[in-house]
Protein chains: 2
Amino acid sequence: MLDLVDVEGWVLDHRKAVSPQLRAILRSRIIRNDLRPMSRLSEPELAKEYGVSRQPVREAFITLMNEGLVEVRPQRGTYVCKIDYDAVLNARFVREAVESDIVAKLASEDSGDLIKELRAQLSMQKKVVKGSPEKFMELDERFHMTLAIGAGLAKSWRFLEGIKSQMDRVRFITFEEFHISKLIGQHEQIVDFIEQKTVSGAEDAMRAHLREILNSLPRVRALYPDHFENSPGESREENPKL
Amino acid sequence: MLDLVDVEGWVLDHRKAVSPQLRAILRSRIIRNDLRPMSRLSEPELAKEYGVSRQPVREAFITLMNEGLVEVRPQRGTYVCKIDYDAVLNARFVREAVESDIVAKLASEDSGDLIKELRAQLSMQKKVVKGSPEKFMELDERFHMTLAIGAGLAKSWRFLEGIKSQMDRVRFITFEEFHISKLIGQHEQIVDFIEQKTVSGAEDAMRAHLREILNSLPRVRALYPDHFENSPGESREENPKL
DNA sequence: TTTAGTTGACTTGTATGGAAGTAGGCAAGT
DNA sequence: ACTTGCCTACTTCCATACAAGTCAACTAAA
């Protein structure tokens, strides 16, 4: 007999530590919009649902709170955060800054094997253009991660992963808003510039690539206003003393 | 009677939730090298020390583990992480990428009030050149935070705070390794470039500023090898499959 | 009808006991 | 002398019980 509990496709293995698994499951469910913004996440309810006690659920909440995905209001309840428009813009800014420097570093180094790996990934991406956008997002994440690790910056990618979730939530609301073929073309451009060691070209291409979300973000927000927290430009007012 | 517990200068307020307070206290103690690398952090011992139960201590550990400050080995013990040399380099890289873009943004905008605030901070910094380096670190953090918030990127700064701790640990081992007056001069340069709207100048000045740690880092590691985890260049081997 | 006060069923925060696993000491057997 | 197996004292992880705060509905009086 298997010691597994299956809840709506999400599996939990009781042989290993439960807390980190719950963390991953809940994070994924939030990012994929399975758990909607402002919905309650009751500790005892989720505990019963997954067949564990409140403690592991609670510990998962702590991590998700630090990532800005849930908001726990003491003695009141825990809720899925709405998508923070300003946080998305901030995440995008950080990614542009870091990843443009990453490709600049790659373009100034000698990285033959990496190019081969990236080309292989590009061909895989082209195969799923017409397929499920979810699959493309997986390949897209892998592509950007490969660039980071290839530059010897694996730990920087871990950091970026945390803030990327803010952008991913936007993508998962409306897949059709993203022109996948255009994104793949940009990926190809980036690899080309790295291969021919054109530093500024690679940098600019990555910056342009990561600015794509700025086109769709206002549309997405207009389509699903209930999913969003606040408008752009409000960040300054949040810290009035500076 | 006050509901406070004082342990070696660290105060805990039982009227508010203790978990986040413990988080902050332990994080600060680790960064300031009060809790040495590889020392045990026993749940029941710390619980008794701060007059709380083991659960809040445990929840604090979870956050610190996610920040890479402690390592919890199941059924074995929780230990203060050694300083990860590669993580410091990664944190530095990310900071350079993001903060250089921040000052570039500031230099391309109109920010008169911000300049005044920064000038005031500079004069404060000059006053503590001969004073305690700890006080300067506080002002230094405030300076960089002000730049981020001034650019409307407060949330980006919160991201950076998390990785900055890796660099701060290095600084707290040996204060004298840092020539404070030189750093203040660089701060001044950055403000000058922002004021005269020289984008590339501001960017380059910030990059040079954040590369200072590269000079002292090898020396610090040579002086305190026991505080460090691994050497530079090992990051690639950690992910051999890419 | 309106409004103030109270009760009670929720929520999260904390405390504590037990389960599972690890590491080291010690003794018996080879 | 060296290995092997058990046994004890730890650790973190999970489950459960209790405490404290919040909120909504209900009651009762104006």
Side-chain angles (χ1 to χ4, degrees), chain A residues 1-5 7 10-26 30 35 37-81, chain B residues 1-5 7 10-26 30 35 37-81:
Chain A
M1 173 205 147
L2 281 181
D3 195 12
L4 298 176
V5 175
V7 178
W10 299 107
V11 172
L12 204 149
D13 184 353
H14 274 83
R15 290 165 303 185
K16 292 183 288 187
V18 172
S19 281
Q21 298 180 70
L22 269 178
R23 245 180 281 170
I25 290 174
L26 293 179
I30 292 174
L35 294 170
M38 295 311 290
S39 57
R40 292 184 58 109
L41 292 183
S42 164
E43 278 183 11
E45 188 178 329
L46 281 172
K48 191 177 294 181
E49 190 174 350
Y50 285 95
V52 296
S53 79
R54 274 182 49 214
Q55 220 56 44
V57 178
R58 176 176 173 72
E59 292 174 5
F61 283 177
I62 292 175
T63 299
L64 296 175
M65 180 184 61
N66 290 334
E67 287 188 43
L69 292 179
V70 308
E71 177 188 8
V72 29
R73 285 185 281 194
Q75 278 75 36
R76 230 168 286 193
T78 303
Y79 301 88
V80 176
C81 281
Chain B
M1 171 206 148
L2 281 181
D3 196 11
L4 298 177
V5 175
V7 177
W10 299 106
V11 173
L12 205 150
D13 185 353
H14 277 249
R15 289 165 302 188
K16 294 183 288 187
V18 292
S19 278
Q21 298 180 71
L22 270 178
R23 249 180 277 170
I25 290 175
L26 293 179
I30 293 174
L35 294 170
M38 294 313 288
S39 56
R40 293 184 59 107
L41 293 182
S42 164
E43 271 184 16
E45 189 177 328
L46 281 172
K48 193 176 293 180
E49 189 175 352
Y50 285 96
V52 296
S53 78
R54 284 167 19 226
Q55 210 56 44
V57 178
R58 173 176 173 72
E59 293 177 2
F61 283 176
I62 293 174
T63 300
L64 295 176
M65 181 184 62
N66 289 334
E67 286 188 42
L69 293 179
V70 307
E71 177 188 7
V72 29
R73 286 184 281 194
Q75 279 73 37
R76 230 167 288 192
T78 303
Y79 301 87
V80 177
C81 280

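Lettering of chains follows the sequences in order, A, B, ..., and the numbering in each one begins at 1. Just so you know, these numbers come straight off a predicted model, no measurement behind them.
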### Task
For DNA chain C, determine which residues of residues 18-26 of chain B have any heavy atom closer than 4.0 angstrom to one of its atoms, and list them numerically.
Val18(B), Ser19(B)

#### Entry: Close approaches to DNA chain C from residues 52-70 of chain B, in residue order (heavy atom, under 4.0 Å)
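Of all residues in residues 52-70 of chain B, the ones placing a heavy atom under 4.0 Å from DNA chain C are Val52(B), Ser53(B), Arg54(B), Gln55(B), Pro56(B).
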
#### Entry: Glu45(B) (side chain) donor-acceptor with Leu41(B) (main chain) under 3.5 angstrom
no

I'd like to check [X] versus [Y] (side-chain heavy atoms, cut-off strictly below 4.5 Å). Are they in contact?
X: Leu46(B); Y: Leu22(B); result: no
X: Tyr50(B); Y: Val18(B); result: no
X: Val72(B); Y: Phe61(B); result: no
X: Arg23(B); Y: Asn66(A); result: yes

### Message
Taking any atom closer than 4.0 angstrom to a non-hydrogen atom of chain A, what span of DNA chain C does the protein reach, first nucleotide to last?
### Response
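Here the contact window of chain A covers dT11(C) to dA15(C).
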
I'd like a table of atom pairs between the protein and nucleotides 20-22 of chain D - only N or O on both sides, under 3.5 Å - with the distance next to each one.
from    : atom 1 : to       : atom 2 : distance (Å)
dT22(D) : O4'    : Gln75(A) : O      : 3.4

### Task
Give, for atom OG1 of Thr78(A) and atom CD1 of Ile62(A), the distance between the pair rounded to the nearest 0.5 Å.
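Reported to 0.5 Å precision, the distance equals 10.0 Å.
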
### Task
Hey, could you give me the CD/CZ distance between Glu43(A) and Arg54(A), rounded to the nearest 0.5 Å?
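Rounded to the nearest 0.5 Å, the CD-CZ separation comes to 4.5 Å.
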
### Message
Rounded to whole Å, please give me the gap between CD in Glu43(A) and P in dA19(D).
### Response
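My rounded result for the distance is 18 Å.
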
Minimum-distance pair of heavy atoms, taken over all atoms of [X] and [Y]:
X: Ala60(A); Y: Ser19(A); answer: CB-O, 4.3 Å
X: Val80(A); Y: Ile30(A); answer: CG1-CG2, 3.9 Å
X: His14(B); Y: Gly51(B); answer: CE1-O, 3.5 Å

### Task
Please check the phosphate of dT11(D) (OP1 and OP2 only) for any side-chain N or O of Ser42(B) closer than 4.0 Å.
yes

### Message
Gln55(A): which residues meet the side-chain contact (heavy atoms from CB on, under 4.5 Å) condition with it, sequence neighbours left out?
### Response
Ser53(A), Arg58(A), Glu59(A), Gln55(B), Glu59(B)

### Message
Under the rule for side-chain contact (heavy atoms from CB on, under 4.5 Å), what residues qualify as partners of Arg40(A), not counting sequence neighbours?
### Response
Tyr79(A)

## Note on the structure
Closest to the 5' end of DNA chain D, once Arg40(B) and Ala17(A) are matched to their nearest nucleotides, is Arg40(B)

